[in-house]
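Below you'll find the structure, written out as structure tokens, and then a few comments.
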Amino acid sequence: MQSRVIDGKAVAADVRAGVARDVAALKAGHGLTPGLAVVLVGEDPASKVYVKNKGEQTKEAGMNSWEYRLPAETSEAEILAVVEKLNNDPAVNGILVQLPLPKHVNAERVLNTIDPNKDVDGFHPVNVGRLWIGERTLVPCTPTGSVILAKTVQPNLSGMNAVVIGRSNIVGKPVAALLLRENCTVTVAHSRTRNIESVVKGADLLIAAVGIPEMVKGDWVKPGAIVIDVGINRVPSANGKTKLVGDCDYESCAQVAGAITPVPGGVGPMTIACLLQNTVEAAKIQRGIK
Ligand code: NAD
């Protein structure tokens, strides 16, 4: 059986279209144009590309976008001052500090200084707590995108056995919290898990967020399972260049799964789309709009 391929680019385009409709409604109904400020410190080439894409897509959705590009040697105190300025600016609804930050900066201190209601990455401890206790909050973008993709296959995930591989604060833990909210029975597997193949084999829904190229093989996967591959790994390719692969061995997993996300073109495109969604949600939370 060849599985259904979940088209992350198409789903992300739908999410962005929904954001643009929400933005138009906020403008018309509340005179509110949501705005996202992105802070980039240093010259990391990948970060520059992300920030450029974020800015472009923010504007395409009809929102305001600001970029704060600071030199790599900017002190932590100066970065904190920028964050405080954005916290106090009512036109700014979302603040994103692009990671990684230079080594001399305490990233945790910077992220924890962002007003939780403007924390569109959803990394602030207040938002982490709100997520786990089931309150309205800003949820990390990649986990949200992963669950949206799973729901394009099975809109009601209730009662499914979900296995998450990886327990990072950025992906594994928040995706586990979201799946619990969806009434899945959630197992979190990680580097110390024994017999991981047999744990994965029990999954109706598998979310792989490990960072090990093609770790999950087809014979680990339950026939018909939904496989969401969050991994983005650059590996050497046959032509001497490099290529991107996921944490799942696509060829073998696609023979067994009911549906699977490709890499690239699966979870990746969802992250910015969900960031835009979070900016709208942040604006609504700040204005007390349902
Ligand atoms: P991380 O390194 O912070 O966490 C990896 C997790 O995998 C850890 O919790 C660890 O316990 C677990 N792990 C490590 N070795 C393992 C093993 N042998 N067996 C089982 N579990 C093991 O990584 P992260 O930030 O969570 O990212 C995971 C992957 O997702 C990476 O490939 C990253 O590039 C990708 N990612 C993609 C997006 C996106 O937009 N699509 C966003 C964030 C991360």
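As the structure lists them, so they are numbered: ligands from 1, and atoms in each ligand from 1. Note: hydrogens, waters and symmetry copies are ignored here, and every other heavy atom, side chains too, is used.
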With Val120, the side-chain contact (heavy atoms from CB on, under 4.5 Å) member among Asn127, Val280, Leu96: Leu96

With sequence neighbours excluded, residues passing salt bridge (charged side-chain N to carboxylate O under 4.0 Å, His left out) with Lys52: Glu56

Amino acids in close contact with ligand 1, where any non-hydrogen atom sits under 4.0 angstrom away: Thr142, Ile165, Gly166, Arg167, Ser168, Val171, His190, Ser191, Ile196, Ala209, Val210, Gly211, Ile212, Met215, Val230, Gly231, Ile232, Asn233, Val267, Gly268, Thr271

For Glu67, salt bridge (charged side-chain N to carboxylate O under 4.0 Å, His left out) partners two or more places apart: Arg69

Donor-acceptor pairs under 3.5 Å, side chain of residues 27-35 to any protein atom, not counting sequence neighbours: which ones?
| residue | atom | partner | partner atom | Å |
| --- | --- | --- | --- | --- |
| Lys27 | NZ | Gly62 | O | 2.9 |

Any donor-acceptor pair under 3.5 Å from Glu78 side chain to Thr74 backbone: no

From Asp249, Val216, Ile260, residue fulfilling side-chain contact (heavy atoms from CB on, under 4.5 Å) relative to Val221: Val216

